[in-house]
Amino acid sequence: MKNTSLPLKAFKRSTSLERSKWYMGMLLTNLTETPDTNGAFSLFEATLAPGTEPPPHVHSGEDELFYVLEGEFDVYVGEEVFNGKTGECIFLPRFEPHAFIIRSPRLRLLILFAPAGVEEAFRSMSSPAQNLNPPMGALTCSAEDLEQTAQRFSASGVRMLAPDEIEHQVPLYPKSAPAIAASDEVSEGLSSQKEES
């Protein structure tokens, strides 16, 4: 069997404005992307604040690893909870439902996805960063229409969990989390739309 991959080239990168995007209240810097690694992995640096957490979800196409550069967060994976602090990493295998809650004023992470490809879902709803801080007053996952987020990520093999799925698949995840409240509102809105029809 022939290896059809292009030869990889060594490179050096750092967080920079030209490689950074604002996405749902987060600052995301693409340190590597699919072409850089022949699709083996992608690596982001992410800066987040409380309230910018994504809703509970599950990846079918890639494993995920968080390495905490600064701050603290609780990661809910199935029936487990891991508290991640500066200098620690948390591995999330594909098919394991997960979510996290930020427990510090600021959280900086390296996020590794293997294989690469999911970065395309972030790209479609991001805008060029104007500085190397998260945007102020930006739309977040908890305020956005979760149906649109779910559709955008489903093309990359990421599925957002419905409120009843969260209760069974990530049972320790707090019911008062911002993404849950928004998810419930979306579910209620869809229900009332159906009743009106």
Side-chain angles (χ1 to χ4, degrees), residues 1-48 52-71 73 75-78 82 84 87-100 102 107-129 132-135 138-141 144 146 148-161 169-170 179:
M1 180 180 226
K2 288 185 178 180
N3 182 357
T4 57
S5 301
L6 298 172
L8 295 176
K9 295 183 179 184
F11 62 86
K12 174 183 165 181
R13 288 197 181 130
S14 62
T15 302
S16 64
L17 198 54
E18 59 272 4
R19 299 200 65 80
S20 298
K21 303 261 187 227
W22 281 340
Y23 172 79
M24 295 290 157
M26 307 174 204
L27 172 69
L28 294 176
T29 301
N30 292 46
L31 296 171
T32 69
E33 298 185 59
T34 300
D36 301 322
T37 65
N38 281 338
F41 66 91
S42 58
L43 180 67
F44 293 88
E45 181 177 330
T47 304
L48 307 93
T52 60
E53 299 94 335
H57 59 278
V58 62
H59 296 257
S60 63
E62 58 277 323
D63 299 321
E64 187 172 9
L65 181 115
F66 296 129
Y67 179 80
V68 185
L69 297 169
E70 173 190 342
F73 70 150
V75 181
Y76 300 83
V77 186
F82 299 97
E88 297 178 334
C89 72
I90 298 172
F91 175 69
L92 307 168
R94 69 190 79 190
F95 304 115
E96 284 288 332
H98 59 273
F100 61 85
I102 300 169
L107 179 67
R108 282 182 52 239
L109 301 168
L110 288 178
I111 306 173
L112 177 79
F113 292 106
V118 75
E119 66 268 17
E120 292 306 317
F122 294 102
R123 190 182 327 271
S124 68
M125 280 296 292
S126 62
S127 61
L132 292 176
N133 290 302
L139 184 67
T140 63
C141 287
E144 191 203 24
L146 289 181
Q148 289 178 358
T149 300
Q151 287 175 354
R152 188 172 60 252
F153 276 92
S154 69
S156 298
V158 178
R159 190 173 64 80
M160 302 301 163
L161 300 180
Q169 295 181 34
V170 193

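It should be emphasised that the depicted structure is a prediction, and the values quoted were computed from it without experimental measurement.
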Point-to-point distance, once rounded to the nearest 0.5 Å, from OG1 of Thr37 to CG of Leu43: 10.0 Å
Interatomic distance, Leu107 atom CG to Thr47 atom OG1 [nearest 0.5 angstrom]: 8.5 Å
Parallel, tilted or perpendicular, as decided by the 30° and 60° cut-offs, for the rings of His59 and His98: parallel
Atom of Ser16, atom of Ser20 and distance for their closest heavy-atom approach: O-OG, 2.6 Å
Exercise: identify the closest heavy-atom pair between Pro134 and Gly25: CB-O, 3.4 Å
By salt bridge (Lys or Arg N to Asp or Glu O under 4.0 Å) - contacts of Glu70 (at least two apart): Arg106, Arg108
Residue pair Asn133 / Leu27, side-chain heavy-atom distance below 4.5 Å: no
From Leu28 atom CG to Thr15 atom OG1, the distance as rounded to the nearest 0.5 Å: 11.0 Å
Working for salt bridge (Lys or Arg N to Asp or Glu O under 4.0 Å), residues Lys21 and Glu119: CA-CA 11 Å; Lys21 303 261 187 227; Glu119 66 268 17; over 6 Å; no
Verdict with reasoning, Leu110 to Phe44, per side-chain contact (heavy atoms from CB on, under 4.5 Å): CA-CA 6 Å; Leu110 288 178; Phe44 293 88; over 6 Å; no
Spatial distance of atom CG (Leu92) from atom CG (Leu65) [nearest 0.5 Å]: 7.5 Å
Shortest non-hydrogen contact between Leu8 and Pro35, atoms and distance: CD2-O, 4.4 Å
N/O donor-acceptor pair under 3.5 Å between Arg94 side chain and Gly61 backbone: yes
Gln169 side, atom CD; His57 side, atom NE2 - distance, nearest 0.5 Å: 12.5 Å
Validation row: Trp22, Ser126 side chains within 4.5 angstrom (heavy atoms): no
Any Pro54 side-chain heavy atom under 4.5 Å of Phe100 side chain: yes
Thr34 side-chain N/O to Ala116 backbone N/O, donor-acceptor pair under 3.5 Å: no
Any Ser42 side-chain heavy atom under 4.5 Å of Glu33 side chain: no
Derivation and outcome, side-chain contact (heavy atoms from CB on, under 4.5 Å), residues Leu48 and Glu53: CA-CA 8 Å; Leu48 307 93; Glu53 299 94 335; 5.8 Å; no
Exercise: identify the closest heavy-atom pair between Glu62 and Pro115: CB-O, 3.5 Å
Aromatic plane relationship, Phe66 with Phe73 - under 30° parallel, 30 to 60° tilted, over 60° perpendicular: perpendicular
Side chains of Asp36 and Arg13 in contact at under 4.5 Å (non-hydrogen atoms): yes
Non-hydrogen side-chain atoms of Arg19 and Leu31 separated by less than 4.5 Å: no
Side-chain heavy atoms of Tyr67 within contact of Leu112, under 4.5 Å: no
Step-by-step side-chain contact (heavy atoms from CB on, under 4.5 Å) determination, Glu64 to Val118: CA-CA 11 Å; Glu64 187 172 9; Val118 75; over 6 Å; no
